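Everything on this sheet refers to the single structure shown next.
Being a predicted model, the structure only gives us computed values, none of them experimental. FYI, the numbering just counts along the sequence from 1.
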Amino acid sequence: MNKKQYKIYCDKVEKETKGLIVSTGACPGCNECNLDKNATDEEIDIANEPSFSWYCCNICNTRLGGDRYYAHGINKNNKIIHFNICLDCLMYLNYGQLDDMTMLDMEKED
């Protein structure tokens with residue numbers, strides 16, 4: 001990924017999560033996570049394991065196959081929105097940037 005592609009990626013993520021409070025991981029009580037509201041820590045840990053998918057990431061819309069992870073957003077009406085996200089979006093949502101190697105490679109462009 002180059003700096004121009006990274007800017008486009010960041011804009012996509014910001015657009016898709018605008019107005020949401022976003023958290024990564026499975027959510028007890030979410031039907032799509034298939035977790036009961038009283039799920040145990042072990043059940044949540046199992047639900048947090050990634051699964052391979054050819055489906056697009058719900059945030060950046062990448063069409064590349066890969067691991068998908070759960071994430072959730074809460075909108076202004078307190079409605080929970082379920083996402084299946086790629087590793088890049090997981091990293092970006094958790095750390096505000098992509099993985100270290102990708103970021104270092106972009107710095108080398110200068």
Side-chain angles (χ1 to χ4, degrees):
M1 183 176 291
N2 60 39
K3 288 182 180 183
K4 183 178 179 181
Q5 291 167 327
Y6 182 63
K7 169 83 169 96
I8 292 168
Y9 170 82
C10 292
D11 290 345
K12 265 190 215 179
V13 173
E14 296 303 318
K15 179 183 175 194
E16 291 301 317
T17 60
K18 186 176 182 170
L20 299 176
I21 299 169
V22 181
S23 176
T24 59
C27 178
C30 174
N31 291 335
E32 293 180 64
C33 289
N34 200 25
L35 285 173
D36 183 69
K37 284 188 179 193
N38 299 317
T40 65
D41 289 343
E42 183 179 5
E43 291 170 325
I44 295 168
D45 287 344
I46 291 168
N48 278 325
E49 289 292 318
S51 62
F52 183 87
S53 178
W54 286 105
Y55 287 104
C56 297
C57 172
N58 294 145
I59 292 182
C60 74
N61 205 31
T62 184
R63 300 201 184 288
L64 297 174
D67 284 340
R68 296 294 182 258
Y69 303 82
Y70 293 144
H72 296 83
I74 298 176
N75 67 15
K76 62 183 176 183
N77 298 321
N78 286 329
K79 180 181 180 214
I80 296 175
I81 300 162
H82 177 91
F83 296 107
N84 288 311
I85 61 172
C86 66
L87 180 58
D88 284 345
C89 285
L90 179 76
M91 294 295 292
Y92 188 84
L93 292 173
N94 282 333
Y95 305 108
Q97 66 180 35
L98 297 179
D99 63 278
D100 291 342
M101 288 305 296
T102 302
M103 299 307 291
L104 286 171
D105 288 344
M106 279 189 283
E107 285 179 19
K108 291 177 186 176
E109 287 179 20
D110 294 333

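Between K108 and D105, the closest side-chain pair of non-hydrogen atoms falls below 4.5 Å. Side chains of L93 and V13 form a contact here, defined as non-hydrogen atoms less than 4.5 Å apart.
T17 places no side-chain N or O within 3.5 Å of a backbone atom of L20 that could act as its donor or acceptor partner. A donor-acceptor distance shorter than 3.5 angstrom exists from the side chain of H72 to the backbone of G25, with no hydrogens or angles considered. N2 places a side-chain N or O within donor-acceptor distance of the main-chain N or O of K4, the cut-off being under 3.5 Å. Distance alone, capped at 3.5 Å, places no donor-acceptor pair between the Y6 side chain and the Q97 backbone.
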For residues 62-69, run the donor-acceptor check on the side chains, cut-off 3.5 Å, and write out each pair with its distance to 0.1 Å, sequence neighbours left out.
{"unit_1": "T62", "atom_1": "OG1", "unit_2": "L64", "atom_2": "N", "d": "3.3"}
{"unit_1": "R68", "atom_1": "NE", "unit_2": "Y55", "atom_2": "O", "d": "3.1"}
{"unit_1": "R68", "atom_1": "NH2", "unit_2": "Y55", "atom_2": "O", "d": "2.8"}
{"unit_1": "R68", "atom_1": "NH2", "unit_2": "L64", "atom_2": "O", "d": "2.7"}

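Ring geometry for W54 versus F52: interplanar angle over 60°, hence perpendicular rather than tilted (30 to 60°).
Nearest heavy-atom pair, M1 versus T102, reported as atom, atom and distance to 0.1 Å: CB-CG2, 4.3 Å. Heavy atoms only, all atoms of each residue included: K3 and M106 are closest at CE-O, 3.2 Å. Shown here for H82 and N84, the closest heavy-atom pair between the two residues is NE2-OD1, 3.4 Å. Taking every heavy atom of both residues into account, C33 and A26 meet most closely at SG-CA, 3.9 Å.
The line from CG of N31 to CD1 of I80 is 10.0 Å long, rounded to the nearest 0.5 Å. Of the inter-residue distances, the one linking D99 atom CG with L90 atom CG reads 11.0 Å to the nearest 0.5 angstrom. In this structure, SG on C60 lies 11.5 Å from OH on Y92, to the nearest 0.5 angstrom. Atoms SG and CD1, from C27 and I74 in turn, are 7.0 Å apart once rounded to the nearest 0.5 Å. To the nearest 0.5 angstrom, N94 atom CG is 3.5 Å from T24 atom OG1. One finds the CG atom of N61 at 12.0 Å from the OH atom of Y9 (value rounded to the nearest 0.5 Å).
Other residues, nucleotides and ligands place more than 12 heavy atoms under 6.0 Å from the CD atom of Q5. With a 6.0 Å radius and a threshold of 12 heavy atoms from other residues, nucleotides or ligands, I8 has its CD1 atom above the threshold.
Residue Y70 is not grouped with residue I46 when hydrophobic side chains (ILVMFWY) are merged at heavy-atom distances under 4.5 angstrom, including chains of intermediate members. In the hydrophobic clustering of ILVMFWY residues, with side-chain heavy atoms under 4.5 Å counting as a link, I85 and I21 come out apart.
Using a 4.0 Å cut-off between a side-chain N of Lys or Arg and a carboxylate O of Asp or Glu, D11 and K15 do not qualify as a salt bridge.
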